[in-house]
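Quick caveat: nothing in here was measured; it's all calculated off a predicted structure. In each ligand, atom 1 is the first atom listed, and ligand 1 is the first ligand listed.
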Amino acid sequence: MTQEYINPDYVAEPEKVNTKKGLEGSVIDTSSVSKVNPDTNSLIYRGYPVQDLAENCRFEEVAYLMYKGELPNRTQLSEFEGLERSYRDISKDNLGVIKALPKKCHPMDSIRTAVSFLGCEDERIWDATPATNYDKAIRLLAKIPTMVAADYRFKKGLDFIAPRKDMTLAENFFHMCFGKVPDAQVVKAFDVSLILYAEHSFNASTFTTRVVTSTESDIYSATVAGIGALKGPLHGGANEMVMHMMIEIADPLKAEQWMLDALAKKRKVMGFGHRVYKSGDSRVPTMKKYALKMADLSGNKKWMQMYESLEKVMAEKKKIYPNLDFPAGPAYYMMGFEIDFFTPIFVMARTTGWSAHIMEQAASNRIIRPLSEYVGATQRSVKPLSERG
Ligand code: COA
């Protein structure tokens with residue numbers, strides 16, 4: 001019996017099967033973390049437009065906003081950053097686990113494993129009071145970049161670089177990966193990407209973290225599940241696929257024909273389309289602006305020329321527009337990151353949104369347990385093995 005099997009005697013009752021495939025259009029719960037408005041192509045985090053946050057705040061301020069619901073004042077930010085910086089180190093054992101992973105395993109599998117190990121190390125794992133979960137959320141924010149950077153170094157056969165406490169989260173990440181901090185404009189572009197990637201309502205990975213939390217499981221288990229969901233190319237994995245695609249195209253002059261061929265073959269083009277936005281992703285103009293800055297700074301305009309060409313053909317032929325992964329992919333590439341670390345960088349950002357949703361779910365919980373409509377074989381009796389031939 002295949003997965004697609006439908007009992008020939010099954011009679012669909014439309015009033016029973018009232019959900020849409022992929023939960024399209026289904027409102028699952030209320031949330032005060034963020035709102036995606038497809039009619040106005042806008043996204044707000046706790047009331048603030050994401051473009052304004054990206055231009056005026058650092059990622060740490062947005063992380064605080066996610067957890068606390070308000071932007072911090074100077075004193076609150078300094079306390080918050082002090083705590084975050086003090087949590088950046090990871091244990092020798094966790095470093096050992098990351099180092100022991102097969103060199104070829106994907107960095108998303110590494111970060112999933114390292115976060116899982118972090119949960120094993122936390123003696124307060126079952127303590128899910130709001131204060132403890134807030135503290136754990138800051139630990140995840142602080143330690144995930146260290147884990148990702150450690151994996152980055154080990155996969156290249158290089159030594160681990162310990163985190164610095166006198167740098168912002170973005171600066172410190174560059175320091176831990178490359179041993180130096182680039183031009184302030186590169187750091188700003190990276191910080192902007194973290195803000196834009198921080199949160200996006202009930203997307204697949206966030207919904208996953210809420211489902212896990214709804215069983216009264218712990219924040220690490222929910223985060224590990226979120227990482228698993230984010231890894232897929234239809235979700236966070238798309239930023240890596242975009243860059244692989246651009247490398248495959250190789251020449252901006254070939255981009256138009258490549259897109260026409262891809263559409264003729266009904267190929268899914270990574271970095272385009274969205275379940276909620278149908279006329280453009282609110283985060284794209286800001287990220288595109290910073291990707292163009294990276295092209296100016298690096299003196300390599302090739303990827304953004306290709307970007308323009310692919311975007312134009314897709315809009316003309318299909319009226320489908322880029323999502324955030326489309327500008328983020330080439331932007332990270334121009335910053336010097338290896339392609340398979342693009343989605344782990346997304347994890348560094350999205351841990352803030354996940355933790356906000358985990359805390360919101362825990363504060364007003366009911367186990368998430370939907371129904372399905374059974375279309376399988378009608379009830380039958382079990383024959384003993386001896387009678388099954
Ligand atoms: N390339 C080509 N066609 C696309 C497309 C893409 N990236 N995204 C959507 N479409 C087309 C579909 O083929 C479908 O056409 P049809 O009605 O002729 O069959 C139509 O647009 C609707 O797409 P659908 O797959 O039903 O949308 P969805 O809401 O189920 O999926 C995504 C949304 C994001 C998963 C989907 O657009 C996609 O796979 N995009 C590429 C991966 C990606 O960039 N993911 C990151 C998301 S932020």
Any heavy-atom pair between the side chains of Ile28 and Leu23 that's under 4.5 Å? yes

Under 3.5 Å, is there a donor-acceptor pair linking the side chains of [X] and [Y]?
| X | Y | answer |
| --- | --- | --- |
| Arg210 | His357 | yes |
| Trp354 | Glu199 | no |
| Ser193 | Tyr332 | yes |

Should [X] be counted as touching ligand 1, given the test is an N or O pair under 3.5 Å?
| X | answer |
| --- | --- |
| Val269 | yes |
| Met314 | no |
| Phe272 | yes |

Just one of Lys156, Arg153, Lys155 clears the salt bridge (charged side-chain N to carboxylate O under 4.0 Å, His left out) bar with Glu338, so which one? Lys156

Assess whether a salt bridge exists between [X] and [Y], defined as any Lys/Arg side-chain N lying under 4.0 Å from an Asp/Glu carboxylate O.
| X | Y | result |
| --- | --- | --- |
| Lys143 | Glu121 | no |
| Arg112 | Asp109 | yes |
| Arg139 | Asp122 | no |

Under 4.0 Å from [atom], do we find at least one protein heavy atom?
| atom | result |
| --- | --- |
| atom 5 (C) of ligand 1 | yes |
| atom 27 (O) of ligand 1 | no |
| atom 16 (P) of ligand 1 | no |
| atom 22 (C) of ligand 1 | no |
| atom 31 (O) of ligand 1 | no |
| atom 44 (O) of ligand 1 | yes |
| atom 38 (C) of ligand 1 | yes |
| atom 34 (C) of ligand 1 | yes |

If you measure from each non-hydrogen atom of [X] to ligand 1, which part falls under 4.0 Å: side chain, backbone, both or neither?
| X | value |
| --- | --- |
| Arg267 | backbone |
| Asn323 | side chain |
| Ile320 | side chain |
| Asp325 | side chain |

Do the rings of Phe154 and Phe160 sit parallel, tilted or perpendicular, given the 30° and 60° boundaries? tilted

Proximal ligand 1 atoms for [X], defined as those under 4.0 Å from one of its heavy atoms:
| X | answer |
| --- | --- |
| Gly271 | 43 (C), 44 (O) |
| Pro233 | 42 (C), 45 (N) |
| Ala238 | 43 (C), 44 (O), 45 (N), 46 (C) |

Verify, without hydrogens or angle tests, whether [X] (side chain) and [Y] (backbone) share a donor-acceptor contact under 3.5 angstrom.
| X | Y | answer |
| --- | --- | --- |
| Glu171 | Phe173 | no |
| Ser298 | Met294 | yes |
| Tyr45 | Leu196 | yes |
| Thr209 | Thr206 | yes |

Under a heavy-atom criterion of less than 4.0 Å, does Ala262 contact ligand 1? no

Can you tell me if Gly22 has a non-hydrogen atom under 4.0 Å from ligand 1? no

Pick from Lys278, Lys318, Met270, Lys319: the one approaching atom 18 (O) of ligand 1 most closely through a non-hydrogen atom: Lys318

Kindly identify the option in Lys317, Arg283, Lys20, Lys268 whose heavy atom sits closest to atom 12 (C) of ligand 1. Lys268

Which atom pair, heavy atoms only, marks the closest approach of Ser221 to Asp218? OG-OD1, 2.6 Å

If you scan protein heavy atoms around atom 29 (O) of ligand 1, the nearest is Arg275 NE, 2.7 Å

